[in-house]
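Counting starts at 1 for both ligands and their atoms, in listed order. Every heavy atom of this structure was used, including side-chain atoms; hydrogens, water molecules and symmetry mates were not.
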Amino acid sequence: MSFITLSKENYFYNLEQIYSRVGSLDQIAVVLKDNSYGHGLIEIARLAREFGISRAVVRSTDEAEKISRFFKYILILSPNKVVENRNFYYGVNRLEDLERYSRNINIELKVDTGMHRLGISPNELHRAIHLIKVRKLRLSGIFTHFREADEISSTLFVQRKIFRELVDEVVSHFPNINIHSNNSAGLFRSGEKIRDEMVRIGIASYGYLPDIPSFKFPKLRPVLSLWGEKIGELKYPKPYFRVGYGGVSEVGEDRKVSIYDIGYSDGFRRLPDSAIREKRFRTPEGNYLVGRVSMDSIALNSDREKIEIFNSVTPLAKILGTIEYEILVGLSEKIERRII
Ligand SMILES: *Cc1c(COP(=O)(O)O)cnc(C)c1O
């Protein structure tokens with residue numbers, strides 16, 4: 001069966017790099033939403049905890065419940081239900097959400113400083129503060145999300161300034177709340193160590209940062225590798241044999257072609273025919289795809305029993321015109337995760 005390996009050494013290496021950019025371990029919240037970006041929710045939670053991380057960020061309350069034993073603080077970005085747990089912190093994305101909470105539930109206010117996706121807009125802030133006060137809600141934090149931390153643009157600095165103003169306003173009513181704004185790119189772009197805020201780190205912990213030379217980002221180490229196992233081979237292949245649906249490529253001089261148990265149902269996406277003909281996708285050992293990706297299998301010019309299909313998704317993301325996040329998060333939960 002196909003499987004995924006997670007390198008503990010690489011994960012800890014990335015966490016060290018993150019740690020070096022903040023003042024204390026307690027400031028780091030690892031983002032474990034969506035099955036830890038496809039890496040495995042429980043597996044990564046356990047490793048983060050072992051490193052000494054005590055804070056996590058997830059998407060749903062269901063995810064938070066699965067990892068509640070590992071962390072003292074779990075921020076839920078889009079709660080699907082409210083349960084009483086003193087380690088849970090519920091993100092409030094709009095004024096109406098305030099109605100859902102009672103006095104003994106921790107809430108954190110998300111403010112929209114320019115992403116224009118979710119969050120209380122600056123002109124609703126007074127109303128939010130008023131509602132929180134009259135309903136005696138337990139406001140524990142305020143946060144925002146940056147639109148272009150991973151692109152060369154000045155929007156980041158504009159958003160930071162707006163956020164500062166909103167934070168000052170809220171803190172004047174609720175001192176000692178948790179303040180946070182930076183994701184991976186924001187953390188590594190800020191010139192100096194961040195000492196006074198929590199940071200929410202997803203992609204960098206998994207080993208990726210945008211490849212923009214002027215940012216001078218450190219080199220991180222991808223944590224996840226995808227492996228396939230041989231389930232068949234091409235018998236007596238002739239150079240003109242065409243392989244798979246549409247017969248988009250010929251066997252050519254490669255007489256060893258095997259079929260492996262990974263397909264697009266596992267999240268290994270279909271590549272354009274041109275990329276297959278031009279052999280643009282290569283495994284770490286240099287093998288390439290012969291024919292299209294099928295639902296449950298691929299063919300590679302190899303006869304190995306187990307084959308490492310990738311140990312970084314950056315080349316795949318380039319071929320598919322997407323970002324590493326999308327490839328990683330699409331990896332099926334049914335694939336076994338092994339920590340190595
Ligand atoms: C996903 C997410 C993050 C993590 O972003 P990365 O770029 O992966 O570090 C941080 N904050 C919020 C609100 C998010 O939704």
Can you pull out every side-chain hydrogen bond (donor to acceptor under 3.5 Å, both in side chains) where at least one residue sits in residues 287-300? Sequence neighbours excluded, please.
D254-Y288, S265-D296, D273-R292, N287-N301, N287-R304
Between ligand 1 and the protein, tabulate every N or O atom pair separated by less than 3.5 Å, reporting distance only.
residue: ligand 1; atom: 7 (O); partner: N183; partner atom: ND2; Å: 3.3
residue: ligand 1; atom: 7 (O); partner: Y325; partner atom: OH; Å: 2.7
residue: ligand 1; atom: 8 (O); partner: Y37; partner atom: OH; Å: 2.6
residue: ligand 1; atom: 8 (O); partner: I203; partner atom: N; Å: 2.8
residue: ligand 1; atom: 9 (O); partner: S184; partner atom: N; Å: 2.9
residue: ligand 1; atom: 9 (O); partner: S184; partner atom: OG; Å: 2.5
residue: ligand 1; atom: 9 (O); partner: G202; partner atom: N; Å: 3.0
residue: ligand 1; atom: 11 (N); partner: H145; partner atom: ND1; Å: 3.4
residue: ligand 1; atom: 11 (N); partner: R200; partner atom: NE; Å: 2.7
residue: ligand 1; atom: 11 (N); partner: R200; partner atom: NH2; Å: 3.3
residue: ligand 1; atom: 15 (O); partner: K33; partner atom: NZ; Å: 2.6

Pairing donors with acceptors under 3.5 angstrom, does anything connect the side chains of R337 and H39?
no
Same cluster (ILVMFWY, side-chain, under 4.5 Å), L15 and Y13:
no
Carboxylate-amine/guanidinium contact E43 R46, below 4.0 Å:
no
Please list, one pair per line, the donor and acceptor atoms closer than 3.5 Å that link side chains of residues 216-225 to other protein atoms, with sequence neighbours excluded.
residue: S225; atom: OG; partner: E308; partner atom: OE2; Å: 2.8

Any pair counted as side-chain hydrogen bond (donor to acceptor under 3.5 Å, both in side chains), so long as it reaches residues 76-85, sequence neighbours left out:
T61-N80, D62-N80, D62-K81, E65-K81, E84-N104
